[in-house]
Amino acid sequence: MADNEQSRAILDQISSQIMKCRRCPLWEEATHGVPGEGSLCARVMFIGEAPGEQEDSLGRPFVGRAGKVLDSLLTGTGLSRDAVFIANIVKHRPPGNRDPLPDEVTACTPWLEQQINTIRPPLLVPLGRHATRYVLGRMGVEFVKITDISGTVFEGEPFGFPQKIIPALHPAATLHNPRSREHLEEDFRRIGNLLTEMEQ
Ligand code: SF4
């Protein structure tokens, strides 16, 4: 792995390329690109779907209502934002928060792949079905409903080096369906337990 100074330079370069990226039309209606942020030495990377309104406005990931849910789940797991890396599969906001289209995901995910290969986190947590489909799809794993597989530990080399993967529900799910909170808290309990196991 590159040392911290090199990694920071590489991540900064990726971020500045994302700001200028025109590989898909999403940049046209966006205010800011949202590359992602966090620790260079993160042992866990959380991967969401796409920036929402607040994220687009501030250029930072998970800073709106779903971000507050994520922050409280991180705290409950004994993690802080400073210790993890948070990114999305798509770096510019889809208009009206619609789902990203398959072509947009294909166009954008090489940026995420570069970020993952720079930080090389041993644990990935894709949040929600879009991020989970992207990560598990790289291992040939298919699923029907995110609720069927969230909290399950997968092992493989989706990005060319060994990683564990635990899909979780997207924190925004709790905004539409408060009953999802319990499910999400269980997902994060399992993430915390796995991180503890990985330290031993
Ligand atoms: S969403 Fe991704 S691929 Fe599309 S313009 Fe933005 S950075 Fe480029």
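Whatever order the structure lists ligands and atoms in, that order sets their numbers, starting from 1.
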Please determine if Arg93 forms a cation-pi arrangement with Trp27, meaning its NZ or CZ atom is less than 6.0 Å from the six-membered ring centre and no more than 45° off the ring axis.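 Pair Arg93/Trp27 does not count as cation-pi.
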Restricting to N, O or S atoms, which atom of His92 is closest to atom 6 (Fe) of ligand 1?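 It is ND1, the N, O or S atom of His92 closest to atom 6 (Fe) of ligand 1.
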Which residue supplies the protein heavy atom nearest to atom 4 (Fe) of ligand 1, what is that atom called, and how far is it?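 Residue, atom and distance for the closest contact: Cys24 SG, 2.3 Å.
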Is any N, O or S atom of Cys21 under 2.8 Å away from atom 8 (Fe) of ligand 1?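 Looking at Cys21, which is the residue asked about, there is an N, O or S atom under 2.8 Å from atom 8 (Fe) of ligand 1.
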Give a yes or no on whether a salt bridge exists between Arg60 and Glu55, defined as a side-chain N under 4.0 angstrom from a carboxylate O.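 Salt bridge absent between Arg60 and Glu55.
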Counting only heavy atoms not in Arg98 (residues, nucleotides, ligands), do more than 12 fall under 6.0 Å from its CZ?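 Atom CZ in Arg98 is packed in, count exceeds 12.
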Between His170 and Phe46 (judged by ring centroids, cut-off 6.0 Å), do the two rings come close enough to count as a pair?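 No: the rings miss the under 6.0 Å criterion.
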Using a strict cut-off of 4.0 Å, indicate which atoms of ligand 1 neighbour a heavy atom of Cys108.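 What qualifies from ligand 1 is 1 (S), 2 (Fe), 3 (S), 7 (S).
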